[in-house]
Amino acid sequence: MKNVVLIGFMGVGKTSSGRMLANQLGFKFIDMDKAIEKKWNMTIPQMFEQYGEAFFREKEKEMCREIAEKKSVVISTGGGTVKDPENVSILKRTGKIVCLTASVDAILERTATTGTRPLLDSFEDRRQGIIKLLDERKEMYAQADYTLDTTDLSPLQVSRDVISFMKRR
């Protein structure tokens, strides 16, 4: 079975469902942003602040290449990873890309805590910010091999659905 690459907006369940999915498959779970921070020993906000976005995107591409070489992994990508067509191509070589989605209301509820989502915190109207960002990323998410709405699903239900998809491929 190929690797599973989870993409999608904040609050759709990439981490919680990804961990459950990895557990169900007997795969290793990799949170790409956390792996980047660990490898370069600094947070992503620190990378942006000290070296700029181009530096971070370069490290992100390196991590894509490194992770794509692994077998039997569930990968939770960072929000901007699939903005780069080369990253998508790298990840598709050894994995299937699954886009998790959720309703605006579910995302709003799941990301309600301020201080943990700087991008959303920057919007005066959080709901409008989510709608705007989802619209901007629509084409990016359309690159997925499979899309699943997690609005009314538990991480266990999401993982079972993704496993069913993977077995059909």
Side-chain angles (χ1 to χ4, degrees), residues 1-25 27-37 43-45 48 53 56-57 60 63-64 67 73-85 87-89 91-92 95-169:
M1 188 181 281
K2 284 189 157 209
N3 293 335
V4 182
V5 181
L6 299 176
I7 67 170
F9 199 74
M10 296 169 255
V12 296
K14 294 185 302 288
T15 301
S16 55
S17 297
R19 285 186 200 289
M20 177 70 69
L21 178 60
N23 188 279
Q24 296 277 308
L25 291 170
F27 281 19
K28 183 178 179 192
F29 176 72
I30 299 172
D31 179 308
M32 218 165 110
D33 283 348
K34 289 198 180 352
I36 291 168
E37 289 179 340
T43 67
I44 290 168
F48 270 79
E53 184 176 0
F56 168 72
R57 296 296 171 200
E60 184 177 58
M63 187 57 67
C64 276
I67 289 174
V73 292
V74 172
I75 303 157
S76 173
T77 61
T81 306
V82 293
K83 282 182 180 176
D84 184 331
N87 288 344
V88 174
S89 166
L91 293 167
K92 276 194 174 197
K96 288 288 181 187
I97 297 182
V98 176
C99 181
L100 301 183
T101 65
S103 69
V104 171
D105 287 335
I107 291 169
L108 193 57
E109 186 180 316
R110 294 173 187 176
T111 62
T113 307
T114 56
T116 58
R117 314 270 184 177
L119 190 57
L120 290 183
D121 291 346
S122 71
F123 288 99
E124 197 171 306
D125 182 336
R126 203 172 183 93
R127 176 179 246 287
Q128 285 309 114
I130 291 168
I131 292 167
K132 179 182 184 292
L133 291 169
L134 283 171
D135 188 56
E136 286 173 5
R137 296 175 180 189
K138 197 171 21 192
E139 286 180 32
M140 193 169 84
Y141 296 148
Q143 301 173 88
D145 297 301
Y146 183 62
T147 300
L148 177 62
D149 186 336
T150 67
T151 301
D152 298 315
L153 301 177
S154 70
L156 180 59
Q157 291 169 311
V158 171
S159 66
R160 286 181 176 159
D161 192 299
V162 173
I163 289 169
S164 174
F165 160 74
M166 295 299 288
K167 286 182 177 172
R168 294 191 303 263
R169 296 291 147 195

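Here the straight-line distance linking atom OG1 of Thr81 with atom CD1 of Ile67 works out to 8.5 Å at 0.5 Å rounding. The line from CD1 of Ile131 to CZ of Arg127 is 5.0 Å long, rounded to the nearest 0.5 Å. Considering CG of Leu120 and OG1 of Thr111, their distance stands at 5.0 Å, rounded to 0.5 Å. In this structure, CE on Met63 lies 10.0 Å from CG on Asp33, to the nearest 0.5 angstrom. A distance of 5.0 Å separates OG of Ser76 from CG of Asp31, quoted to the nearest 0.5 Å. Atom-to-atom distance recorded for Glu37:CD and Phe56:CZ is 8.5 Å, nearest 0.5 angstrom.
Counting heavy-atom neighbours within 6.0 Å of Asp125 CG, excluding the residue itself, gives a total above 12. Environment of CD in Glu109: sparse, with no more than 12 heavy atoms of neighbouring residues, nucleotides or ligands closer than 6.0 Å. Environment of CD in Glu139: sparse, with no more than 12 heavy atoms of neighbouring residues, nucleotides or ligands closer than 6.0 Å.
Contact check for Val74 versus Asn3: no side-chain heavy atoms found under the 4.5 Å cut-off. Looking only at side-chain heavy atoms (C-beta outward), Lys96 and Val4 stay at 4.5 Å or farther from each other. In this structure, the side chains of Arg57 and Asp84 stay at 4.5 Å or more apart for every pair of heavy atoms. Looking at heavy atoms from C-beta onward, Thr147 lies in side-chain contact with Thr101 at the 4.5 angstrom threshold. Between Asp145 and Lys92, some side-chain heavy-atom pair lies under the 4.5 Å cut-off. The shortest side-chain heavy-atom distance between Lys14 and Phe9 does not fall under the 4.5 Å cut-off. In this structure, the side chains of Arg19 and Asn23 stay at 4.5 Å or more apart for every pair of heavy atoms. Contact of the Leu21 side chain with the Val158 side chain is not registered, since no non-hydrogen atoms from C-beta on lie closer than 4.5 Å.
The two residues Ser159 and Met20 have their closest heavy-atom pair at OG-CG, 3.4 Å. Heavy-atom minimum distance, Leu91 versus Cys64: CD1-SG, 4.0 Å. The two residues Leu100 and Val12 come nearest to each other via the heavy atoms O-CG2, 3.4 Å. Taking every heavy atom of both residues into account, Gly8 and Cys99 meet most closely at CA-SG, 4.3 Å. Of all non-hydrogen atoms in Gln157 and Asp152, the two that sit nearest each other are OE1-O, 3.8 Å. Taking both residues in full, the closest heavy atoms of Phe29 and Ala22 are given as CB-CB, 3.8 Å, listed atom of the first, atom of the second, then distance.
With hydrogens and angles left out, the side-chain atoms of Thr151 and Asp149 include a donor and acceptor closer than 3.5 Å. In this model, a donor atom of one side chain and an acceptor atom of the other lie less than 3.5 Å apart for Arg168 and Ser164. Donor-acceptor pairing under 3.5 Å is lacking for the side chains of Ser16 and Arg110.
Of the possible donor and acceptor atoms, one in the side chain of Ser103 sits under 3.5 Å from a partner among the backbone N and O of Ala106. A side-chain donor-acceptor contact under 3.5 Å links Gln143 to the backbone of Val82.
Salt bridge Asp135/Lys138: present, at least one basic N to carboxylate O contact under 4.0 Å.
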- prompt: So Thr77 and Asn87, side chain to side chain contact (heavy atoms under 4.5 Å, CB included) or not? Walk me through it.
  reply: CA-CA 10 Å; Thr77 61; Asn87 288 344; over 6 Å; no
task: Given side chain to side chain contact (heavy atoms under 4.5 Å, CB included), test Val98 with Val5 step by step and report yes or no.
output: CA-CA 6 Å; Val98 176; Val5 181; over 6 Å; no
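Between Ile163 and the choices Arg160, Met166, Lys167, the side chain to side chain contact (heavy atoms under 4.5 Å, CB included) rule is met once, by Lys167.
Pairs of residues two or more places apart, or lying in two chains, that qualify as ring-ring contact (aromatic ring centres under 6.0 Å, His included) and include a residue from residues 129-153 are Tyr146-Phe165.
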